[in-house]
Amino acid sequence: MTDAALRERLIVGLDVPTLQAAEQVVSELGDTVSFYKIGYQLAFAGGLGFATELASSGKKVFLDMKLLDIDNTVAKGVENIVKMGVSMLTLHAYPKAMKAAVEAARGSDLCLLGVTVLTSMDEQDLIDAGYEHDPHTLVLIRAEQALQAGMGGIVCAATEAAVVRKIVGPELAVVTPGIRPTGSDAGDQKRVMTPADALRSGASHLVVARPIVGVPDRKAAAEAILAEMSNA
């Protein structure tokens, strides 16, 4: 795999509070990173406009909005997101929402990702939320539903990537947050894996935020993770 292809599989989460902080991260990482995630924190601080700027500059953008609403609202939101030029968009893997999003994005290059179970949740968390399935079972159910809906990929914990890959086949993206370099702290993530192990398990893209954004030498941290990925 070429260095450029490897870089496109690492998505750095711009989980920072201000636009200025995000711009600083992108500046420090330079050509080392070509793919960025923008979630709620930055989106509500001017990050949506920044997403369009990044895409226009040649970077890829993963817009992590986890959409879930009535069909028409999801569809209209996706139609406008298509115009932004971002590469990936998340929505919760509920069948009706996914079908509405797929129809709205038809003909575009936007890769729609179904979020199965958040990596911060374990079985007790799901019980508390009223679900009758454990995380593993619910991930499998939602992966199958995403495949049937025509989604572009799945977001799941790396610990579930291998079995999800068997369900969705070789073409769909399997995007895994909760990635932690060898020897690093898991933080609030409960289902984590190292970069190399995640790729070996079937992940196509790795989302990494704090282990890169939250350290003094961000470029060196990104390069170290890319080196771990290359070993896979």
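What you are looking at is a predicted structure, and each value in this text was computed from that prediction instead of being measured.
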> Any link between Ile167 and Ile141 through a network of hydrophobic side chains (Ile, Leu, Val, Met, Phe, Trp, Tyr) touching at under 4.5 Å?
Replying inline: no
>> Looking at every heavy atom in both Met98 and Ala149, which two are closest together, and how far apart are they?
In response: CB-CB, 3.8 Å
> Hey, does Thr176 have a side-chain heavy atom less than 4.5 Å from the side chain of Ile179?
Replying inline: yes
> Taking side chain as C-beta onward, heavy atoms only, is Met229 less than 4.5 Å from Leu10?
Replying inline: yes
> Please walk me through it: do Lys60 and Ile11 pass side-chain contact (heavy atoms from CB on, under 4.5 Å)?
Replying inline: CA-CA 9 Å; Lys60 289 191 171 183; Ile11 303 174; over 6 Å; no
> Hey, does the side chain of Arg165 reach the backbone of Gly169 with a donor-acceptor pair shorter than 3.5 angstrom?
Replying inline: yes
> Can you tell me how far CD of Glu79 sits from CZ of Arg106, rounded to the nearest 0.5 angstrom?
Replying inline: 12.5 Å
> If we ignore angles and hydrogens, is there a donor and acceptor under 3.5 Å between the side chains of Glu28 and Gln24?
Replying inline: yes
> About how many Å separate CD1 of Ile81 and CE of Met65, when rounded to the nearest 0.5 Å?
Replying inline: 7.5 Å
>> Please give me the minimum heavy-atom distance between Leu113 and Ala173, naming the atom from each residue.
In response: CD2-CB, 4.2 Å
> About how many Å separate CD1 of Ile154 and CD of Gln145, when rounded to the nearest 0.5 Å?
Replying inline: 9.5 Å
> Is it the case that more than 12 heavy atoms not belonging to Asp128 sit under 6.0 Å from its CG atom?
Replying inline: yes
> How far apart are the closest heavy atoms of Ile212 and Val215, and which atoms are they?
Replying inline: O-CG2, 3.2 Å
> Are Val208 and Tyr40 grouped together when hydrophobic residues (ILVMFWY) are joined by side-chain heavy atoms under 4.5 angstrom apart?
Replying inline: yes
> So how far is it from Leu42 CG to Leu14 CG, rounded to the nearest 0.5 Å?
Replying inline: 6.0 Å
>> Between Leu112 and Val102, does the side-chain contact (heavy atoms from CB on, under 4.5 Å) criterion hold? Intermediate values first, please.
In response: CA-CA 7 Å; Leu112 295 171; Val102 167; 4.0 Å; yes
> Is it true that atom NZ of Lys99 has more than 12 heavy atoms of other residues, nucleotides or ligands lying nearer than 6.0 Å?
Replying inline: no
> Say you draw a straight line from CD1 of Ile225 to OG of Ser230; how long is it, rounded to the nearest 0.5 Å?
Replying inline: 12.0 Å
>> Within the 4.5 Å heavy-atom criterion, are Ile38 and Phe62 side-chain neighbours or not?
In response: no
>> Looking at Thr194, is its backbone amide N or carbonyl O close enough to the side chain of Arg180 to form a donor-acceptor pair, meaning the two atoms are under 3.5 Å apart?
In response: no
>> Within the structure provided, determine whether Leu63 and Thr90 are in side-chain contact (heavy-atom separation under 4.5 Å).
In response: no
> Going through the distances and angles, do Met88 and His205 end up as a side-chain contact (heavy atoms from CB on, under 4.5 Å)?
Replying inline: CA-CA 11 Å; Met88 289 178 167; His205 297 77; 3.7 Å; yes
> What is the minimum heavy-atom distance between Pro211 and Pro181, and which atoms define it?
Replying inline: CB-CD, 3.6 Å
>> Tell me whether the count of non-hydrogen atoms from other residues, nucleotides or ligands lying under 6.0 Å of CD in Glu132 goes above 12.
In response: no
> What heavy-atom pair brings Glu8 and Phe35 nearest, and what distance separates the two atoms?
Replying inline: O-CD1, 3.3 Å
>> If you apply the rule side-chain contact (heavy atoms from CB on, under 4.5 Å), what do you find for Thr52 with Leu48, and how did you get there?
In response: CA-CA 7 Å; Thr52 302; Leu48 296 180; over 6 Å; no
>> Donor-acceptor pair, distance only, cut-off 3.5 Å: does the side chain of Ser201 make one with the backbone of Asp197?
In response: yes
> Do Pro177 and Val155 come within less than 4.5 Å of each other through their side chains, counting heavy atoms only?
Replying inline: yes
>> Test your reading of the model: is there a side-chain donor-acceptor pair from Arg7 to the backbone of Asp31, 3.5 Å cut-off?
In response: yes
>> Classify the ring geometry of His92 against Tyr94: parallel below 30°, tilted from 30° to 60°, perpendicular beyond 60°.
In response: perpendicular
>> Any salt bridge linking Asp217 with Lys219? Criterion: basic side-chain nitrogen under 4.0 Å from a carboxylate oxygen.
In response: no
> Side chains of Ile70 and Thr73: does their closest heavy-atom pair fall under 4.5 Å?
Replying inline: yes
> Cluster question for you: counting only ILVMFWY and a side-chain heavy-atom cut-off of under 4.5 Å, with indirect links fine, are Val117 and Val163 together?
Replying inline: yes
>> Taking atom CD as the centre, does Glu171 end up with more than 12 heavy-atom neighbours from other residues, nucleotides or ligands that are less than 6.0 angstrom away?
In response: no
> What are the two closest heavy atoms between Leu147 and Val168, and how far apart are they?
Replying inline: CD1-O, 4.0 Å
>> I need the Gln41 CD to Asp15 CG distance, nearest 0.5 Å.
In response: 6.5 Å
>> Quick check: do Arg9 and Leu199 have side-chain heavy atoms less than 4.5 Å from each other?
In response: yes
> Would you say Ser108's side chain and Val82's backbone share a donor-acceptor pair under 3.5 angstrom?
Replying inline: no
> Is there a donor-acceptor pair closer than 3.5 Å between any side-chain N or O of Arg218 and the backbone N or O of Leu29?
Replying inline: no
> Can you tell if the side chain of Val74 reaches within under 4.5 Å of the side chain of Leu68, non-hydrogen atoms only?
Replying inline: no
